[in-house]
Amino acid sequence: MIKRVCRPILIFLLASILFLYGGLFAAAESPVKEVIPGGMAFGVKYYAEGAIVIGVCDVETASGLVSPAESAGLMKGDVIIGAGGSKVDSLEHLLDTVKGCGGRKLEIEYQREGKTSKITLTPAKDKTTGEYRIGVWVRDSTAGIGTITYIDKESKSFGGLGHGINDASTGILMPFGRGSVVDVTLKGVVKGLKSVPGELKGEFGKTEKGILTGNTEAGIFGIYHTLPEHLASPIPLGKAAEGKATVRSCVSGEIKDYEIEIKEIYKDSGKTKNFLIRVTDERLLAITGGIVQGMSGSPIIQNGRLVGAVTHVLVNDPTKGYGIFIENMLEAMG
């Protein structure tokens, strides 16, 4: 009786194992997802969620200098997300709330290193303007030029930069609020020199081409309203390896491939700066001196596969820089 029960169970278990292995082999042999490699420059207009404190300062009152924000514990790098019981969605909103408090105590909600806290302070009346202030310098937006890494043709979604948009004064990743993408007309290139990073100079177009959907450590992401013209053919994804490769960029005014070398792959390197690259193409060196600001996001192609993107330049040697694995960008995109 026991044998009759165990035998069907054993057969069932063997069949299940074979099914699982078959599924694994099928998954391994399935086609790799393809994306359109970018290389085109794009303009970003970015608005943070809340107001980033880039500094605290004194308010000159009739009784002397005071700093309500500093006294209450606000610090550079904090992100103010609420004031007076309402959500702060812009710099103007925060200023209007403070000005309209009439000198009454004001509750401020803020984030610091991912933790949300609340404080209460009393705005001070400025001696010169008569307006109420809390004594902070804040920023809620930024704009700049980057490069598209890849585009998904079906969804019109894209990834770019290969790193997040950080506040210039505090270095923190700007919390995502909203943003738009516009075309850029390149006007020139400032060549990179030792200890002096170069940059792409450009003029923003007036028409919104798409919207941003996220700002992460591994890149920014969005969706085009209409796909750009003259796109390249889709290519599969791949794993970066040491050796020759190409970087696709539009530093000359048109998208071209330039020779580079992947010098070293870093293990356990986190989300960004996953490998070291060196520019070897004399054409690119003549135009830019190597890697310059604005090239962030330029797709890196190796053996016909998209393996990553340019992220940073080495300040002491503009011919070298870092790249991010394409899988890290796709994971961040979700």
With the 4.5 Å side-chain cut-off for hydrophobic clustering, are [X] and [Y] part of the same group?
X      : Y      : value
Ile260 : Ile291 : yes
Ile151 : Val44  : yes
Leu231 : Phe221 : no
Leu193 : Val251 : no
Ile301 : Val35  : yes

Counting only heavy atoms not in [X], do more than 12 fall under 6.0 Å of its [atom1]?
X      : atom1 : value
Glu264 : CD    : yes
Glu70  : CD    : no
Glu242 : CD    : yes
Lys191 : NZ    : yes

Which atom pair, heavy atoms only, marks the closest approach of [X] to [Y]?
X      : Y      : answer
Met329 : Thr149 : CE-OG1, 3.6 Å
Cys250 : Ala41  : SG-N, 3.3 Å
Lys320 : Val313 : O-CG2, 3.5 Å
Met295 : Ser249 : CG-OG, 4.0 Å
Ala51  : Val138 : CB-CB, 4.1 Å
Ser252 : Tyr258 : OG-OH, 3.7 Å

Does some side-chain heavy atom of [Y] sit less than 4.5 Å from a side-chain heavy atom of [X]?
X      : Y      : result
Lys271 : Ile324 : no
Val98  : Pro123 : yes
Phe42  : Val182 : no
Gln302 : Ile262 : yes
Val66  : Ser71  : no
Leu284 : Val247 : yes
Met174 : Thr142 : yes
Asp152 : Lys33  : yes

Roughly how far, to the nearest 0.5 Å, is the [atom2] atom of [Y] from the [atom1] atom of [X]?
X      : Y      : atom1 : atom2 : answer
Glu217 : Ile165 : CD    : CD1   : 14.0 Å
Ile119 : Asp78  : CD1   : CG    : 8.0 Å
Thr147 : Leu200 : OG1   : CG    : 6.5 Å
Thr213 : Arg178 : OG1   : CZ    : 15.0 Å
Asp96  : Ser86  : CG    : OG    : 10.0 Å
Leu306 : Leu237 : CG    : CG    : 6.0 Å

Under the salt bridge (charged side-chain N to carboxylate O under 4.0 Å, His left out) criterion, do Glu34 and Lys153 qualify, and how do the steps go?
CA-CA 9 Å; Glu34 294 186 333; Lys153 188 174 182 179; over 6 Å; no
Under 3.5 Å, is there a donor-acceptor pair between the side chain of [X] and the main chain of [Y]?
X      : Y      : value
Arg104 : Cys101 : yes
Thr61  : Lys125 : no
Glu109 : Ala83  : no
Asp281 : Arg283 : yes
Thr319 : Gly290 : no

Cation-pi, Tyr266 ring and Lys273 (6.0 angstrom, 45 degrees)
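Negative - Lys273 is either too far from the ring of Tyr266 or too far off its axis.
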Determine, step by step, whether Lys45 and Glu208 satisfy the salt bridge (charged side-chain N to carboxylate O under 4.0 Å, His left out) criterion, reporting the C-alpha distance in whole Å, the side-chain angles of both residues, the deciding distance to 0.1 Å, and the verdict.
CA-CA 10 Å; Lys45 296 180 178 180; Glu208 181 184 276; over 6 Å; no
Is it true that [X] and [Y] make a salt bridge, defined as a side-chain N closer than 4.0 Å to a carboxylate O?
X      : Y      : result
Glu261 : Arg278 : yes
Arg133 : Glu131 : yes
Lys194 : Asp317 : no

Quick one: are the ring centres of Phe275 and Phe325 less than 6.0 Å apart?
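Yes, ring centres under 6.0 Å apart.
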Run the side chain to side chain contact (heavy atoms under 4.5 Å, CB included) test on Phe176 and Tyr46 for me, step by step, so that the C-alpha distance in whole Å, both residues' side-chain angles and the decisive distance to 0.1 Å come before the verdict.
CA-CA 8 Å; Phe176 180 70; Tyr46 186 90; 3.5 Å; yes
Indicate the ring-plane relationship of Tyr322 and His312, choosing parallel, tilted or perpendicular according to the 30° and 60° boundaries.
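The rings of Tyr322 and His312 stand perpendicular, inter-plane angle above 60°.
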Relative to the ring of Phe158, is the ring of Tyr224 parallel (under 30°), tilted (30 to 60°) or perpendicular (over 60°)?
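Tyr224 and Phe158: tilted rings.
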Just to verify, which of Asn328, Asp268, Thr311 counts as forming a side chain to side chain donor-acceptor pair (under 3.5 Å) with Asn274?
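That would be Asn328; it is the only one of Asn328, Asp268, Thr311 passing the side chain to side chain donor-acceptor pair (under 3.5 Å) with Asn274.
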Please report the C-alpha distance between Leu106 and Thr122 in whole Å, then the side-chain angles of each, then the deciding distance to 0.1 Å, and finally whether the side chain to side chain contact (heavy atoms under 4.5 Å, CB included) criterion is met.
CA-CA 6 Å; Leu106 194 65; Thr122 303; over 6 Å; no
Side chains of His163 and Ser296, donor plus acceptor under 3.5 Å
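There is such a pair between these side chains.
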For residues Ser90 and Asp140, is any side-chain donor paired with an opposing acceptor at under 3.5 Å?
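Per modelled atom types, Ser90 and Asp140 side chains form no pair under 3.5 Å.
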Tell me, with the steps shown, if Ile36 and Leu227 meet side chain to side chain contact (heavy atoms under 4.5 Å, CB included).
CA-CA 11 Å; Ile36 299 171; Leu227 289 175; 5.6 Å; no
Working for side chain to side chain contact (heavy atoms under 4.5 Å, CB included), residues Tyr132 and Asp126:
CA-CA 6 Å; Tyr132 287 97; Asp126 188 284; over 6 Å; no
Would you please name every residue forming a side-chain contact (heavy atoms from CB on, under 4.5 Å) with Pro175, sequence neighbours left out?
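Residues passing side-chain contact (heavy atoms from CB on, under 4.5 Å) with Pro175: Ala48, Glu49, Ile52, Val79.
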